[in-house]
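What's counted below: heavy atoms across the whole structure, side chains too, no hydrogens, waters or symmetry copies.
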Amino acid sequence: MSKVFKVARRVWIHLICTLLFVAGTAGAYATEDPLEGVNRKIFSFNMQADRWLVKPVATAYAKVTPKPVKRGITNALENIRDVNYAVNALLQGRLKDAAMSVTRVAVNTTAGVAGLIDVASKIGVQKQYADFGQTLASWHVPSGPYVMLPLF
């Protein structure tokens with residue numbers, strides 16, 4: 001046998017063994033989703049809502065709204081999100097990060113005209129990130145089934 005044929009045969013053997021291993025272990029990691037039926041219906045609804053409502057509204061918003069107005073809306077929404085970050089950082093025991101987020105909210109809500117202007121970033125108050133998934137993980141809550149929510 002030629003050297004090329006031996007190498008090719010070895011590659012095919014390794015490929016077949018790998019595929020058999022993957023196929024054999026695929027079911028070992030699968031878990032049953034008790035909410036699959038509901039989640040699939042909500043997913044289907046969300047896809048239709050995105051196609052017929054959310055995307056046209058978002059496209060019109062992007063075309064019509066001036067950039068300074070978009071920036072202000074984004075800043076106000078980020079200011080609200082900072083409240084969420086503060087609560088989750090506090091629940092995780094990250095007191096410094098929670099205080100930083102509370103400071104951002106206070107500065108942006110007052111000096112930033114209800115959060116429309118991001119004054120906190122301009123004066124060096126850094127944004128902190130903490131979400132509920134991190135909070136659950138920090139409390140050692142195991143992962144499990146999830147519920148898909150309409151329009152989220």
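- Checking side-chain atoms of N88 against main-chain N and O of N84 turns up a donor-acceptor pair under 3.5 Å.
- Note: L136 CG to Q92 CD = 9.5 Å, rounded to the nearest 0.5 Å.
- When hydrophobic clusters are built by joining Ile, Leu, Val, Met, Phe, Trp and Tyr residues whose side-chain heavy atoms come closer than 4.5 Å, directly or via intermediates, L77 is not grouped with L151.
- Rounding to the nearest 0.5 Å gives a distance of 9.0 Å between CG of L116 and CG of N79.
- The OG1 atom of T109 sits 9.0 Å away from atom CD1 of I80, with the distance rounded to the nearest 0.5 Å.
- Looking at D33, its side chain never comes within 3.5 Å of a backbone N or O of P145 through a donor-acceptor pair.
- Connection of W52 to F45 is not established within any shared hydrophobic cluster, with ILVMFWY side chains joined at heavy-atom distances below 4.5 Å, either directly or through further cluster members.
- Under the 4.5 Å side-chain criterion, counting only non-hydrogen atoms from C-beta, I42 is not in contact with F152.
- Expressed to the nearest 0.5 Å, how far OH of Y85 lies from CZ of R81 amounts to 5.0 Å.
- The closest side-chain heavy-atom distance from P56 to T59 is not below 4.5 Å.
- Distance alone, capped at 3.5 Å, is enough to place a donor-acceptor pair between the T65 side chain and the Y61 backbone.
- Expressed to the nearest 0.5 Å, how far NZ of K127 lies from CG of D82 amounts to 3.0 Å.
- A donor-acceptor pair is defined here as one N or O able to donate and one able to accept, closer than 3.5 Å; such a pair exists between the side chain of S138 and the backbone of T135.
- When side chains are defined from C-beta on, Q134 does not count as touching Y129, because their heavy atoms never get closer than 4.5 Å.
- Considering only heavy atoms from C-beta on, F132 stays 4.5 Å or farther from V87 through its side chain.
- Residues M100 and V119 fall within the same hydrophobic cluster, defined by Ile, Leu, Val, Met, Phe, Trp and Tyr side chains chained together at heavy-atom separations under 4.5 Å.
- Under the 3.5 Å distance criterion, the side-chain polar atoms of N108 are matched with a main-chain donor or acceptor of A120.
- In this structure, M148 is not a member of the same hydrophobic cluster as L35, with clusters built from ILVMFWY side-chain heavy atoms closer than 4.5 Å.
- Counting non-hydrogen atoms of neighbouring residues, nucleotides and ligands closer than 6.0 angstrom, the CD atom of Q126 reaches no more than 12 such neighbours.
- Atoms CZ and OG, from R94 and S101 in turn, are 8.0 Å apart once rounded to the nearest 0.5 Å.
- Every residue two or more places apart in sequence or in another chain was checked for a salt bridge (Lys or Arg N to Asp or Glu O under 4.0 Å) with K70, and none qualifies.
- Between A98 and A86, the closest heavy-atom pair is CB-O, 3.6 Å.
- Considering only heavy atoms from C-beta on, V147 comes within 4.5 Å of L149 through its side chain.
- Between D118 and R104, some side-chain heavy-atom pair lies under the 4.5 Å cut-off.
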